Amino acid sequence: MKRHLLSAADLTRDDAELVLRTAAELRSLADRPIKKLPALRGRTVVNLFFEDSTRTRISFEAAAKRLSADVINFAAKGSSVSKGESLKDTALTLEAMGADAVVVRHGASGAPHRLAHSGWVRSSVVNAGDGTHEHPTQALLDAFTLTRHLGAADGGGLDGRRVAIVGDVLHSRVARSNALLLQTLGAEVTLVAPPTLMPVGVGSWPVETSYDLDAVLPKADAVMMLRVQRERMSGGFFPTPREYSRRYGLDGRRMATLQDHAIVMHPGPMVRGMEITADVADSPRSVIVEQVTNGVAVRMAVLYLLLSGADLSADAPLLPTESAPA
Ligand code: NCD
């Protein structure tokens, strides 16, 4: 793996499968009474969040702590950023404090690249969501969840599996990272959105596109709903929320057209009643809460692989056996 994780495109199929395998091993830790490993003892992970977050920030924090790293949480609100401090000066401060990894979420697309390639910090940089650009660890946790439910037992992973990604694709870093990663893993992705919320240049993405959700659902093995990102919208992208929901929302009637094995996903935060109804979000097909659990294991795997320098392709088990707790 490279030193940084900035884009889902940084991951070859071998890299992605290594992360997923490592995450699978670490996932079992969540079911143990003592959820901690000493792997990153003495390392420092800084969570640098310039944008709001619930799941992602807490997930990275839990992941780092379960690997025994020291964690520093930095939120731009309440910091010197609100006094006008630049990303560069913030980065130099973190470097001076000895960060080994910086997990960054920023409203500007490309901010994690700037951090990684400017020479301001020596640490590994992990993109936790940059503007409308990318969110690679979300794509990894989604791929992990898909593999657990739909992965071929013969190790063929997601080859040929059909994933529909539905909603505000234009503003979604989750959609872009998933489109790249799922294609790398062999899945077939269809983006479904109103024409106004389909990105310009989507023709160069490795996906199919559709404006018709009802036509796509019966063929899908998984449907991933996206939040309408009003905070990134300046104009009117659809007539009314009600009209959006009627055409592109997932309700019980639409869910009934899915195949029996198909699963429903959402990265969160959900706006119940807008892109997804409560009965769908809480249905047995929904793996939305499981995505959150899987997120911790996947982020542990990413931090471990970036920071420990270990070669996990070797056969040594990562977890101690149950009878010999760490
Ligand atoms: C997403 C994000 O922030 O990009 N959420 C997440 O990380 N789980 C999606 C969103 O905000 O709608």
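Counting convention: from 1, in listed order, for ligands and their atoms alike. What you see is a predicted model, and the numbers here were worked out from it, not measured in a lab.
- Val228 is connected to Val264 through a chain of hydrophobic side-chain contacts under 4.5 Å among Ile, Leu, Val, Met, Phe, Trp and Tyr, so both are in one cluster.
- Residues Thr209 and Met198 have side chains in contact (heavy-atom distance under 4.5 Å, counting atoms from C-beta outward).
- Protein residues are said to neighbour a ligand when one of their heavy atoms lies under 4.0 Å from it; for ligand 1 these are Thr56, Arg105, His135, Gln138, Arg173, Val174, Arg227, Gln229, Pro267, Gly268, Pro269.
- The six-membered or imidazole ring of His106 lies away from that of Phe49, with a centre-to-centre distance of 6.0 Å or more.
- Using a cutoff of 4.0 Å between basic side-chain nitrogens and carboxylate oxygens, Asp130 and Arg105 are not scored as salt-bridged.
- Under the 4.0 Å criterion applied to side-chain N and carboxylate O atoms, Arg173 and Glu134 are not assigned as salt-bridge partners.
- Ionic pairing of Arg227 and Glu275 is not present here: no N-O contact between side-chain nitrogen and carboxylate oxygen is shorter than 4.0 angstrom.
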